[in-house]
Novice: 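Here's a structure for you.
To find a chain, count down the sequence lines: A is the first, B the second, and so on, and within it residues start at 1.
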Amino acid sequence: MTLIPGDKPGAASVASDTRQSKGPLTGVKVVEYGDFISAPFCTRLMADLGAEVVKVEPPDCGDSSRRYGPFPQDSPHREKSGLYLYLNANKLGVTLDIGTATGANMFRQLLAQADVLVENHAPGHLDKFGLGYQSLKEHFPRLIVTSITPFGQTGPYRDYKAYAINCSAAAGWSLIVGEPGREPLTPPLSMGHYISALSASTATMVAVIARRLTGRGQQIDVSEVECLNSLLSGVAANAFVYYGRMRMRHGNRSPAAYPYAVLPCKDGYMWMIAIQGHEWKRFLDVLGGGKPPDWYESDPRFKDRLKAGREYADELDARLAPWLMSHTKQEIFQLCRDNHIPFAPVNDIDEVVNNEHLNARGFFVELEHPEAGRLKYPGEPQKFSRTPWSLRSAAPTLGQHNEEVFCGRLGVPKQELALLRAGGVI
Amino acid sequence: MPPKALQGLRVLEFAEFVSGPYCAKLMADLGAEVIKIEPPDLGDESRRRGPFPNDLPDQDASGLFLYLNTGKLGVTLDPSKLTGRRIFEKLVAQADILIENNPVGVMSKLGLGFDSLKTINPKLIMASITPFGQSGPYAHWKSYYLNTFHAGGEGYTLPGGIGWQMYPERPPLKAGGFIGEYNCGVAAATAIVGAAFGCLMCEAGQYIEISEQEVLASLMRTDLGKYNDGWVESRATRSVPIGGFIHCKDGFVQLIPLWKHMWTALVAAMGNPEWAGEARFQHERLMAGWQGVTRVSDDILRDREEANERIEQWAMQYNSEEIYTVVQRHGCIAAPVCSVADLFSSKQLQAREFIPEVEHPEAGCLKYLGAPYKFSETPWRIDKPAPLLGRHNEEVYCNRLGYSRQELVQMRRAGII
Amino acid sequence: MASAEYPLEGIRITDFGQVWAGPILSGLLANMGAEVIKIETRKRLDSVRLGPDNVERDPEKDPWFQCINRNKLSITVDFSDERGVALLKKLVKISHVVSENFSPGVLKRHGLDYDSLVKIKPDLIMVALPGAGSFGPMADLVTYGPSIVGLCGYDRMVGYEGERVLGMQQPYADVVAALYGAYSVLAAINHQQETGEGQYIELCQWEAATAVMGEALMESVMNGRNPGTLGNVQPGMAPHNNYPCQGQDKWVSIAIKTDDEWGAFCRAIGSPEWAKEERFADGFLRWQNRKEMDRLVGEWTRGRTHYEVTELLQKAGVAAAPCLSMDERLEDPHFQDRQAFVPIEHPVIGTGWVTSIPWKMSDTPGGVRTPAPLIGQHNQYVFGELLKMSQDEINYLVQEKVIY
């Protein structure tokens, strides 16, 4: 068994022919009617493992991530948005206005050939076009419909409008990030969207497997707020129920055994975390040149690490500061690795992109796109021994596969494409 | 390269589809610098119309758009947003001419009416093209090309001749393509260049409004003259009494024996057939009442029909090129009916270099139509292909107006560009 | 055999998962009916059994453990003893999936790595979640969940805009890796059901945490730019922040993207003069002047409760939501209506509340059936019933501290 890619990092896992490679989801057909991050990332995950994903975008504007960027050289271009390019590789792209009768009809024809529909529009949005779940279930009893929304398809807040910041707030995720007394911080990059997408693809796979037993499709209701609450912020419910304890914001540290904090050094920040006592002890030895420094040895208050973490953390930080501020991230990291201390640098993004370890693992892959050119993309963190991941094709340009999908599969005569375009259907 | 006629003239185009863009194209190809403003995402309506290479719809490869927008810089902008309006005003401050074809009232609602813009640029020439002009009871009517064309009167006489004879009960037709819109573009360009020339002397801007209905009506040539004689030209009357479109072996040929000597020439070209000698087929009789107001008798109408049938019997033995050559040689007006393919392969047009090829990044190398005029000193030339949507945002907004590229990204996210 | 309600019933998972990532992965599958057998040993307890909120320091009473390990079985096996290894191999033989998140090489030292196990169970699916992966120059890196969030660069962005780095201070990388892991295992099950083939899946947590940061990575690839600390800034949106409300540490999140939303917001707050100012007239201007606008919005929210602001703005079609604390969420009508927390009876600690499944499936919902196991609670079931060992043999191994 080998997981290690070939000699050229990043190149080996890119299959040469786009439609050939076989993944664990080969044969699964997905239609995505999604926008921005959550639904597109969900179907990207499925496409990466071999599912065929047809992404349906509104004509003209396309996915809103196309307007978001980042753009090469900061030059906005709808085919060059980094967010769009990343989230939509490995998919086929078509344009369709399901608000037109013809568009809704073509959408239904696409679903007739699909196993899964993934969408992230407001609850009730699809009903307006006669494409609500009840109607789809009637026509396509085997179809799996995965809907990602902020608050879910039911409940009093079902129709609430919410962006990532609002979901993170309601889920209680924001309240535990930031400094005490100041406003809570939302996890950057709309992280809740990614977590709901991962949840949605997991649930969708359960449904694909379940369908083998039941022969039926089903509706999967994914609420971003609930994902965050269920997997992150809500896990501590019993700490409140039993002991009245609630986690709040503690700035750059956690209320745990010292050290458990992000501390500044000469050229950045270090994650100083030592769960095991011997890890901390080894660091003190490094600090004192073979033995713990005198200021530590002479102060008994610091011996109880749990107490020290809660009460003397600032004082201890100040004690460490002179040494930290005279060493760079790399110097500290190297010393820590040599001495089996699990402290790690807080990397800048370019340090991640150029990271020796990640690149040696072939994590980043290069891919050519007709408009955006050759770019480096993050790869896939899961490595399958038998059915490896593959990056088969770059993100589609707007409507790139209209002909292939509409003419090739739905049987629309080619000359009608221009009429459908002039009519705003595609 | 020699300078072009309108070099140095700075034109801002906030127009879409055919009339405004064609007007600006005429000026761009003569050397004016045209900055075309399109709505973000959607772009110009003509981008959605096609025809598309290989029938594949592509915003950047619509044939109509490619033809109408050569030589321009393209930017995207939504002036309904404040930042968009400010940018528009900055562009106006740097322009000599603004061409727009939005519905009446849209510019004022945006705060971009002539009265506002002239305070920014007192020398601005602004031209507005609308279906019915800026004043009068129909000024606010919504009108597509079909409506405007028939409001212009020409449609009432189409089709005449064979078309009408074959299907007299069918409705009037608009002329092919968007010919009226093109006419409008020509009229607007004429007016603007006139105003620009005038401005050189008086140092003041002005507002030009162009009514498409009036443009079309003013092209009706003789029909209005006939009306003065109490005659309303219609499809039934609009045709030459004999000749016209005649079927031939490979299509149609147009024969117009308006005068007696031409009729004699045509008869000679046909080999002086016996029937042509009959009294009822003499030119004076067949042409009776032409360009007059009196109705001719039914038997004359029957004879005209018969004459045409006989001409057709002859014509069906030859193809149009042969007929054209022989009839012209004898001295009667005759013309082939050219298809687009005929135009592109025409030796005449090729000899005059009327069909330049233009390379476009999306659509590739295509044949375009040139200009119907040749300048001896300041050549007409297509300098660059039609812009991709927002192609020159950076050049215009960053290089000329001083925005940073990161601001461009923020403006994109805010839907301003 | 699976019922429609629990579609993964019949799939047995031998779960070596520890702390967060591994247990969350297997927990997701347990929710849907998989039989997850958690391998523990009293020699070295799962550290979450003695987490920071375990006030009584009793490993059977940890409040967090209870949530992430519900629906699972627990057996105690010391696999530093060869006899323990033999026991586990027997279990793997009747399992479908093995999951683990030890440091690379730990299971191999005991002969429990994939290459050894696949000999016993040829169609085995095995998933491992090493921090930095099993190969590459830093494969030996010792990591904890939070430090992975630092390594992947995410923490570099967490802090008030332009100020010092604070970091997430949460096991969020573990959750991302666990979700990737559960998804991958299900994909592998799909492949196995299609072809009969099992396989090994390595899921590098560092890479998982990196893969969900596409936007920031692409910015670096395209423009060589590092974002720095971002605060509550979301490009293209303003207002976009958490604003102070009436009460102790109460905040409301408000987010506006379009001009329509801004118009609705202004009307909802009574069209104050400042809102009509040109510097806030479109998305670009609001973005440029966002700091001043945040101050003004904050002055308006300050006198109201976070729920009041939410209701008022949502009625107008503006995205707003309160920052809810744990007690508020337990009481919140929407959380209650959706049963986001479900009660569960635990034999030692009493009635507790655990979070629901993060999705709702209409046909095969799964559910929370059993509380987190006591240490070794299912030794009898697993060794006696499943592995059909005699009581004498079990007693002997308990005595020998192999089952311990």
Novice: Using a 4.5 angstrom heavy-atom cutoff, name the option from C:Glu194, C:Met326, C:Gln336 with the most pairs to chain A.
Specialist: C:Met326
Novice: Given side chain to side chain contact (heavy atoms under 4.5 Å, CB included), test A:Met205 with C:Val185 step by step and report yes or no.
Specialist: CA-CA 9 Å; A:Met205 277 317 300; C:Val185 166; over 6 Å; no
Novice: Within the structure provided, determine whether A:Tyr163 and C:Gln234 are in side-chain contact (heavy-atom separation under 4.5 Å).
Specialist: no
Novice: If you apply the rule side-chain hydrogen bond (donor to acceptor under 3.5 Å, both in side chains), what do you find for C:Ser356 with A:Glu226, and how did you get there?
Specialist: CA-CA 8 Å; C:Ser356 66; A:Glu226 253 161 55; 4.6 Å; no
Novice: Taking A:Ala170's backbone N and O only, do any of them form a donor-acceptor pair with C:Arg329's side chain (distance below 3.5 Å, no angle check)?
Specialist: no
Novice: Name the member of C:Cys67, C:Gly133, C:Cys323 that forms the most heavy-atom pairs with chain A at distances under 4.5 Å.
Specialist: C:Cys323
Novice: Look only at the side chain of C:Gln169 and the backbone of A:Val177, and say whether a donor-acceptor pair between them is shorter than 3.5 Å.
Specialist: no
Novice: Looking at A:Asn229, A:Thr146, A:Ile341, which one has more heavy-atom pairs under 4.5 Å with chain C than the rest?
Specialist: A:Asn229
Novice: Using 0.5 Å steps for rounding, measure from the CZ atom of C:Phe65 to the CG atom of A:Asn238.
Specialist: 13.0 Å
Novice: Does the side chain of A:Asn355 come within less than 4.5 Å of C:Trp206's, by heavy atoms?
Specialist: yes
Novice: Taking the side chain as C-beta and beyond, is there a heavy-atom pair between C:Glu215 and A:Leu87 under 4.5 Å?
Specialist: no
Novice: Give, for atom NZ of A:Lys22 and atom NE2 of C:His191, the distance between the pair rounded to the nearest 0.5 Å.
Specialist: 6.0 Å
Novice: Okay, side chain of C:Gln199, backbone of A:Thr387: is any donor-acceptor separation there less than 3.5 Å?
Specialist: yes
Novice: So C:Glu56 and A:Tyr242, side-chain hydrogen bond (donor to acceptor under 3.5 Å, both in side chains) or not? Walk me through it.
Specialist: CA-CA 11 Å; C:Glu56 299 171 62; A:Tyr242 296 139; over 6 Å; no
Novice: Is a side-chain N or O of A:Gln382 found less than 3.5 angstrom from the main chain of C:Ile201, in a donor-acceptor match?
Specialist: no
Novice: Taking atom OG1 of C:Thr355 and atom CG of A:Leu228, what is their separation to the nearest 0.5 Å?
Specialist: 11.5 Å
Novice: Under 3.5 Å, is there a donor-acceptor pair between the side chain of A:Tyr269 and the main chain of C:Leu166?
Specialist: no
Novice: So that I can tick it off, tell me whether C:Glu163 and A:Arg182 are bridged by a salt bridge, with the cut-off set at under 4.0 angstrom between side-chain N and carboxylate O.
Specialist: yes
Novice: Please determine whether the number of non-hydrogen atoms from other residues, nucleotides or ligands lying under 6.0 Å from atom CD of C:Gln193 exceeds 12.
Specialist: yes
Novice: When rounded to the nearest 0.5 angstrom, what is the spacing between CZ in C:Phe335 and OG in A:Ser223?
Specialist: 7.5 Å
Novice: Chain A heavy atoms under 4.5 Å from C:Gln314: which part of the residue, side chain, backbone, both or neither?
Specialist: side chain
Novice: Mark yes or no for whether C:Tyr183, through its side chain, and A:Thr204, through its backbone, hold a donor-acceptor pair below 3.5 Å.
Specialist: no
Novice: Among C:Ala208, C:Pro244, C:Gly167, C:Gly366, which residue has the highest count of heavy-atom pairs closer than 4.5 Å to chain A?
Specialist: C:Ala208
Novice: So which of A:Thr186, A:Leu83, A:Val208 has the biggest tally of heavy-atom pairs under 4.5 Å with chain C?
Specialist: A:Thr186
Novice: If you count heavy-atom pairs within less than 4.5 Å of chain C, which of A:Val222, A:Val241, A:Leu231 leads?
Specialist: A:Leu231
Novice: For the pair C:Asn223 (side chain) and A:Pro72 (backbone), establish whether a donor and an acceptor sit closer than 3.5 Å, ignoring hydrogens and angles.
Specialist: no
Novice: What is the distance from atom OH of A:Tyr243 to atom CG of C:Asn54, rounded to the nearest 0.5 Å?
Specialist: 5.5 Å
Novice: Determine whether A:Thr202 and C:Trp359 make a side-chain contact, defined as any pair of heavy atoms from C-beta on separated by less than 4.5 Å.
Specialist: yes
Novice: Quick one: does C:Asn242's side chain have a donor or acceptor within less than 3.5 Å of a partner on A:Pro184's backbone?
Specialist: yes
Novice: In terms of heavy-atom pairs under 4.5 Å, which option from A:Gly234, A:Ala344, A:Pro264 contacts chain C the most?
Specialist: A:Gly234
Novice: Of all of C:Gln205, C:Met32, C:Glu328, C:Lys257, which one pairs up most often with chain A through heavy atoms under 4.5 Å apart?
Specialist: C:Lys257
Novice: Quick one: are A:Arg245 and C:Pro63 in side-chain contact, heavy atoms under 4.5 Å?
Specialist: no
Novice: Measure C:Asn241 against the heavy atoms of chain A and call it side chain, backbone, both or neither at under 4.5 Å.
Specialist: both
Novice: Would you check if C:Ser253 and A:Asn166 make a side-chain contact, meaning some heavy-atom pair closer than 4.5 Å?
Specialist: yes
Novice: Kindly say whether A:Glu380 contributes a backbone atom to a donor-acceptor pair with the side chain of C:Tyr180 at under 3.5 angstrom?
Specialist: no
Novice: Less than 4.5 Å apart, any side-chain heavy atom of C:Asp53 and any of A:Phe240?
Specialist: no
Novice: Can you tell me which of C:Ala187, C:Ala188, C:Gly136 forms the most heavy-atom pairs within a distance under 4.5 Å of chain A?
Specialist: C:Ala187
Novice: Do you know which of A:Arg212, A:His340, A:Arg249 has the most heavy-atom pairs under 4.5 Å to chain C?
Specialist: A:Arg212
Novice: Decide side chain to side chain contact (heavy atoms under 4.5 Å, CB included) for A:Leu232 and C:Tyr172; before the verdict, give the C-alpha distance in whole Å, the side-chain angles of both, and the deciding distance to 0.1 Å.
Specialist: CA-CA 7 Å; A:Leu232 284 150; C:Tyr172 117 91; 4.0 Å; yes
Novice: Please tell me if the side chains of C:Cys204 and A:Arg361 come closer than 4.5 Å, counting only heavy atoms from C-beta onward.
Specialist: yes
Novice: Would you call C:Arg338-A:Asp221 a salt bridge at under 4.0 Å N-O?
Specialist: yes
Novice: So how far is it from A:Met270 CE to C:Ser147 OG, rounded to the nearest 0.5 Å?
Specialist: 9.5 Å
Novice: Let's test your reading of the structure: which of C:Ser184, C:Pro227, C:Gly214, C:Gly350 forms the most heavy-atom pairs below 4.5 Å with chain A?
Specialist: C:Ser184
Novice: According to the interplanar angle, ranging from 0 to 90°, do the rings of C:His334 and A:Tyr157 count as parallel (below 30°), tilted (30 to 60°) or perpendicular (above 60°)?
Specialist: parallel
Novice: Begin from the C-alpha positions of A:Ile349 and C:Met213 and carry the test side chain to side chain contact (heavy atoms under 4.5 Å, CB included) through to its verdict.
Specialist: CA-CA 10 Å; A:Ile349 304 298; C:Met213 296 171 33; 3.7 Å; yes
Novice: C:Leu186 and A:Val206: which non-hydrogen atoms are nearest, and at how many Å?
Specialist: CD1-CG2, 3.6 Å
Novice: Could you check A:Asp348, A:Asp350, A:Asp74 and say which one makes a salt bridge (Lys or Arg N to Asp or Glu O under 4.0 Å) with C:Arg225?
Specialist: A:Asp74
Novice: Pick from A:Arg386, A:Met191, A:Arg247: which one has the most heavy-atom pairs with chain C under 4.5 Å?
Specialist: A:Arg386
Novice: For a side chain to side chain contact (heavy atoms under 4.5 Å, CB included) check, start with the C-alpha distance between A:Lys137 and C:Ser362, then their side-chain angles and the critical distance, and finish with the verdict.
Specialist: CA-CA 11 Å; A:Lys137 185 183 177 182; C:Ser362 63; over 6 Å; no
Novice: Within the side chain of A:Asn347, is there an N or O that forms a donor-acceptor pair under 3.5 Å with the backbone of C:Cys152?
Specialist: no
Novice: Is the shortest side-chain N to carboxylate O distance from C:Glu261 to A:Lys161 below 4.0 Å?
Specialist: yes
Novice: Measure distances from A:Ile273 to the heavy atoms of chain C and classify the residue's part below 4.5 Å as side chain, backbone, both or neither.
Specialist: both
